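Here's the structure, in structure tokens; my notes come after.
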There are 2 protein chains.
Amino acid sequence: MANTTNISAEALADIDQLDGPLSQRVYTALRDAILDMKLVPGTVLRKAAICEQFGVSRSPVADALTRLSGDGLVDVIPQSATRVTRFSLDEIREECFLRDAVEVAAVKRVAATRTHDQILQLKRNVHLQKLLVEDEDFHGFFEADEAFHKMLLEFTGFRSVAAIAGQLALQLRRVRMLVLPKAGRPAETLAEHAAILDSITDQDPQAAAKAMRYHLAQLINRIEPLERQHPDFFC
Amino acid sequence: MANTTNISAEALADIDQLDGPLSQRVYTALRDAILDMKLVPGTVLRKAAICEQFGVSRSPVADALTRLSGDGLVDVIPQSATRVTRFSLDEIREECFLRDAVEVAAVKRVAATRTHDQILQLKRNVHLQKLLVEDEDFHGFFEADEAFHKMLLEFTGFRSVAAIAGQLALQLRRVRMLVLPKAGRPAETLAEHAAILDSITDQDPQAAAKAMRYHLAQLINRIEPLERQHPDFFC
DNA sequence: CGATCTCAACTGACATGTTAGTTGACAGGT
DNA sequence: ACCTGTCAACTAACATGTCAGTTGAGATCG
């Protein structure tokens, strides 16, 4: 088994410059590392190693791993090991279905209720995306992309719907990082975002729903070929 | 503060006739007790008391509480206390929005793809509901109600979408227990379920979506007056 | 009598010792 | 060469001891 990483790399190291309980900090650090694919699927997480890395005892680490397990980001094999969950095409398809359901419903609502200020914020974000595409700043674009979708969820008027929906699609967020760097994809994404924004501006919920549905469909189309490219990330 | 229950009642006690790790069993027992409203919102959960109840040490209990916190079923006040989360009308409205988005999308899909066997299973379930309404078996009806919605989610063809969606609306499940015993509501619910089933049988996704949307809207309508009736359950 | 300050008791957070289950390498037999 | 049974090393799970922050009752002061 050469391709299953056994050592939790130094690359994750986020030292304790955060606040709050220790277990929370450990959780956040590990979570971010997993979501950013710094800890690739299949990586074995050893409690002892993590304790050493952060200079804490096993309690907060165990606590953090329990939470990550609840998020579906790690698989705990009882009495044996804990590893970063691999992708499952079936599960990804399910999350796409759910994400589609939620985000299409959200964009419909926002198209109907949008305020002038909300349009402005979205326009600003899309403009930023344009600049980032031109600069070929993939990482920056990824963040702006996320912010765009998050904004739409928040503009439903439901304060924490963005948080819950975000939690729901944690796996998807990881895969998107693999999809984005494909040549030309950021530019296409930008165009799709612009189309969504136009429909919202026109207060046309049906058109907005259609644009969003098309946009989200692009993701699953691009994920499926990925299994051949990174076979060790899938189970 | 007389109305905040301070003692975790015996009523929860599910002894260790389950299998798996201890922490899992404790988690399940507490979770079920909370979802069945045997532990009412606001109840303070004392680690020591729970340890005694189950005859285990603090580790598995702490583990279980961490998971429950992740599910949003308990609030942990650092260094102070852990209590069963109270209802928040805002959050409930958000969960209704999400549940609507997901279940309407699901029922649309099922209406389009349903097989003969699936129709049969749904018919059987609705028939069972009818019998339970006639017998005024509220608890049984509640379970059949849940099973009906779960079936619809499973019939999307996405195996675990029911699990994820169920996780999403844990709070709602609690409130539904308060709403159901209202006079006449089970019979109405039954009729709404039947309407949904009819639309699915007719392979009419739009009608099914409309019927589902109407059905789900009844819940939020009935929750809002509830705040006056059980003020100590809300925050 | 009322507002505030103090302190003891209680709670969860964390550290660490112990136990039991799993795994994989290796020896021995086929 | 291959299958198999054994066993040692490793892991997560669990128990328990310690610490620090919170809380609320009662003492103290205005």
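Naming: A, B, ... by sequence-line order, numbering from 1 per chain. It should be emphasised that the depicted structure is a prediction, and the values quoted were computed from it without experimental measurement. Just so you know, these numbers use all the heavy atoms, side chains as well, and skip hydrogens, waters and symmetry mates.
Each of C:dA15, C:dT22, C:dT18 was ranked by its minimum atom distance to the side chain of A:L22; first place goes to C:dA15. Checked against C:dT16, D:dA13, D:dT22, the side chain of A:S57 finds its nearest nucleotide in C:dT16. Distances were taken from every side-chain heavy atom of B:S59 (C-beta onward) to each of C:dC14, D:dA13, D:dC14; the shortest belongs to D:dC14.
To the nearest angstrom, P of D:dA12 lies 8 Å from CZ of A:R46. Atom CD1 of B:I77 and atom P of C:dG12 are 9 Å apart (whole Å). In this structure, the CD atom of A:Q79 is 12 Å from the C1' atom of D:dC10, given to the nearest Å. Between the P atom of C:dG12 and the CG atom of B:L68 lies a distance of 13 Å, rounded to the nearest Å. Residue A:R25 contributes atom CZ, which lies 12 Å from atom C1' of C:dC14 at whole-angstrom precision. With rounding to whole Å, B:D63 atom CG is found 11 Å from D:dA15 atom P. If you measure from atom CZ of A:R83 to atom P of C:dT23, you get 10 Å, rounded to the nearest angstrom. Residue A:R67 contributes atom CZ, which lies 11 Å from atom C1' of C:dA13 at whole-angstrom precision.
When heavy atoms are screened at a 4.0 angstrom cut-off, B:S80 is found touching the sugar-phosphate backbone but no base atom.
Between A:R58 and C:dC14 there is no side-chain N or O to OP1 or OP2 distance below 4.0 Å. The side chain of B:S23 contributes an N or O atom lying less than 4.0 Å from OP1 or OP2 of D:dC14.
Considering only heavy atoms from C-beta on, B:E146 comes within 4.5 Å of B:R176 through its side chain.
With the nearest nucleotide of DNA chain D identified for both B:P60 and A:K47, A:K47 has the one nearer the 5' end. If B:A81 and A:G55 are placed on DNA chain C by their nearest nucleotide, the residue sitting closer to the 5' end is B:A81.
Figure legend: cation-pi geometry between A:R86 and A:F234 absent, as NZ or CZ is not positioned both under 6.0 Å from the six-membered ring centre and within 45° of its axis.
For B:Q121 and B:R124, the side-chain atoms include no donor-acceptor pair closer than 3.5 Å. Looking only at atom types and distance, the side chain of B:T85 has no donor-acceptor partner in the side chain of B:D75 under 3.5 Å away.
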| request: Just do the side chain to side chain contact (heavy atoms under 4.5 Å, CB included) check on A:F155 and A:R114 with the steps written out, would you? | output: CA-CA 7 Å; A:F155 289 170; A:R114 92 283 190 291; over 6 Å; no
